[in-house]
Amino acid sequence: MKNGQTGKVKGKYGKYGGQYVPEVLMPALEELEEGYERYKNDPEFLAELDHYLRDFAGRETPLYFARNLSKKYGSKIYLKREDLVHGGAHKLNNAIGQALLAKYMGKTRLIAETGAGQHGTATAMAGANLGFETVVYMGAKDVKRQQMNAYRMELMGTEVVPVETGSKTLKDAINEAFRDWVTNIENTHYLIGSVVGPHPYPVIVRDFQSVIGREVKKQILQKEGRMPDSIIACAGGGSNAMGIFYPFIEDKDVKLIAVEAGGKALKCTEKAALHSASLCAGEEGILHGARTKILQDKNGQILESESVSAGLDYSGVGPELAYLSDIGRVTARYATDDEALEAFHELSRHEGIIPALESSHALAYLKKASEAGELGEVVVVNLSGRGDKDLETVLSLRGGI
Amino acid sequence: MERQKISEKFSELREKKEGALICYVMAGDPSAEKTGEIVKALVNGGADIIELGFPFSDPVADGPTIQVAGQRSLAAGMDTQRYFELIKTLDVGIPLVCMTYYNPVFRYGVEKFVEKAADAGISGLIVPDIPVEEAADLKNSCEKHGLDLIFLIAPTTTEGRIQKILERGSGFLYLVSRLGVTGAREDVSSSTRELLSRVETGLPKAVGFGISTGEQAAEVRDAGADAVIVGSAFVKIIDEGTDVNERLEALAKELKSGIRRAS
């Protein structure tokens, strides 16, 4: 057993993972798995990927020593600056990787789904650059809430389809993307944006995002001459968390902490959860192609989730993260909307960096755990994205300037 | 009323040299009470087997018609317990099949779900988001309690996978006539013919996805199908809400006569 894979059954992490999809998709998953196995070590593919990551996405991103925050909390706090990736979030690492893979596999059309718009934007950028016809599904509610992001995608030639079914949010957009894929499977690659979905997606997305953790490992050795004591990342589906954690899984002394969206509170009504904390408060089930921890009622109906941060607002979590949390390698924690908002303001004020509301959850936990003295001397926080996209949300919560 | 097994129904029809009409509706849409009348109307119209959907909040293999039906059913209070109670009250002798997604089954407990289904008089199960590779637990429980586990085969299914599915399937095989999700379409795709000829099995072959008229049913039967599955066209009538039972019966009659007219 290495790095969370049992090695016995493909795509399984303990009891999690697998492929729970309609039969019509199985050959597409097999084709994708073959394609990935074929190209993931191909020198030409890797050289091209490296070129895009460096010159288009702007890697490597800095590991920034947050002097003021460090002073305040009495430890050495580093921020991994994924907010500086082109587009403003780590999402492009994966979008470029998968789009390039799709191109090598001869696909001509990309589809994706998006909640806040970060993954949709990343897909639109990759699609425009690599010459794909691109369609992004977005809940009708989210299109309204995130008009600028929808417009950005359209500027780059992507068709944005508002989804009117169900709760009109991310999980409905995912269902719609699956339907499109089922219908257009021959020429279309479904570019999943997080470490969720049926095998091989959780592996592919994790591998493309692992560039974050690999860079951190190198950078922290240069700066501190040793491994960090703790790494903190926010987790909705969990792609930035798996991306920064994965290269450290075998480094048992490094504490890995995934911070989920605690929303208003860690409670549920009959139809909805007031949070998005699947690791902390979800139960085992099957959603969007994988067995993992999900928010559901006693009849197995999926509960709508809630978070001030659209990017964390999802009823499931990546299966590998569920497994790592079960075996105790990853510690799952949560921060509420209010705590995240406080951290959002704090980082802006003290470091001159406006964090995404997603990343603000990781920062909020940093504050709590630092005060409790749980993190050790050297701490890395994954700053998964920048907060420009969230200004309207924050402003409306404050009731204006 | 004692309900027939799926295999008994098909041997009865084989003797009559007749194809089967399999009708799908969502249980509890628009209410549990109405489902009884709906099922009766379909039986009067000539349904040979009825699939009763158990709603799931996130049905990735279904089109909008059936998704909305599921939402209506959930809003009307359908849950696992009520579903089995409803099935027990249905006064029909033909086989009933439960169609749902894996999470409601998994959450309730696979073994318990299958046991209760058998107890309620369900003859078979269709779970479209569970490929053969993940179906071992469900298959074991179904064998233990005498339920057929019905698998789907799609136009994209490779020869190797067809063999795996044939080894594990029972009751009948559900052939998906085209790429896409459930929902009425205007033509019967040529991929139907191709798929029917690719699948060699002793199990009855039922074709579904996109069939809504007697003409299409006749065509599918002519192409070599043992049964025709129709869902969205019925669900649409229930959705429209006017003269529901009469129209369901009339459509079932039209479909059944199309199936009889063929071959």
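Quick note on labels: first sequence line is chain A, next is B, and so on, each numbered from 1.
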Checklist entry - Hey, is A/Glu304 close enough to A/Lys171 for a salt bridge, meaning N to O under 4.0 Å? => result no
Item to check | Atom CD of B/Glu240 with >12 non-hydrogen neighbours under 6.0 angstrom | outcome: yes
Checklist entry - Does anything in residues 67-87 of chain B get under 4.5 Å of chain A by heavy atoms, and if so which residues? => result B/Gln67, B/Gln71, B/Leu74, B/Asp79, B/Thr80
Checklist entry - Measuring heavy-atom distances to chain A, does B/Tyr108 have an atom under 4.5 Å in its side chain, in its backbone, in both, or in neither? => result neither
Checklist outcome for this item: If one checks every heavy atom of B/Pro155 against chain A at 4.5 Å, the contacting part turns out to be neither
Checklist entry - With a 4.5 angstrom heavy-atom cut-off, which part of B/Pro128 approaches chain A: side chain, backbone, both or neither? => result backbone
Checklist entry - Quick one: salt bridge (Lys or Arg N to Asp or Glu O under 4.0 Å) pairs with a partner in residues 109-119 of chain B, sequence neighbours left out? => result B/Lys88-B/Asp119, B/Glu111-B/Lys144
Checklist entry - Most heavy-atom pairs under 4.5 angstrom with chain A, which of B/Thr158, B/Asp129, B/Leu152? => result B/Asp129
Item to check | side chain to side chain donor-acceptor pair (under 3.5 Å) between A/Tyr13 and A/Asp326, worked out | outcome: CA-CA 10 Å; A/Tyr13 310 92; A/Asp326 271 10; over 6 Å; no
Item to check | Interface moiety of A/Glu284 toward chain B, non-hydrogen atoms closer than 4.5 Å | outcome: both
Checklist entry - Does any heavy atom of chain A fall under 4.5 Å from the side chain of B/Ile153, the backbone, both, or neither of them? => result backbone
Checklist entry - Under a 4.5 Å heavy-atom cut-off, does chain B meet the side chain of A/Asp180, its backbone, both or neither? => result neither
Next on the checklist: Salt bridge or not between A/Glu31 and A/Lys107? Use side-chain N to carboxylate O under 4.0 Å.
Outcome noted: yes
Next on the checklist: Tell me whether the count of non-hydrogen atoms from other residues, nucleotides or ligands lying under 6.0 Å of NZ in B/Lys164 goes above 12.
Outcome noted: yes
Checklist entry - Between A/Trp181 and A/Tyr190, how do the two ring planes meet: parallel, tilted or perpendicular, split at 30° and 60°? => result perpendicular
Item to check | Carboxylate-amine/guanidinium contact A/Glu176 A/Arg179, below 4.0 Å | outcome: yes
Next on the checklist: For A/Glu159, is there an ion pair with A/Arg109 - N to carboxylate O distance below 4.0 angstrom?
Outcome noted: no
Checklist outcome for this item: When every non-hydrogen atom of A/Pro198 is compared with those of A/His288, the smallest separation belongs to CD-O, 3.6 Å
Item to check | chain B contact via A/Ile294 - side chain, backbone, both or neither, heavy atoms under 4.5 Å | outcome: side chain
Next on the checklist: What part of B/Phe54 gets within 4.5 angstrom of chain A, counting heavy atoms only: side chain, backbone, both, or neither?
Outcome noted: side chain
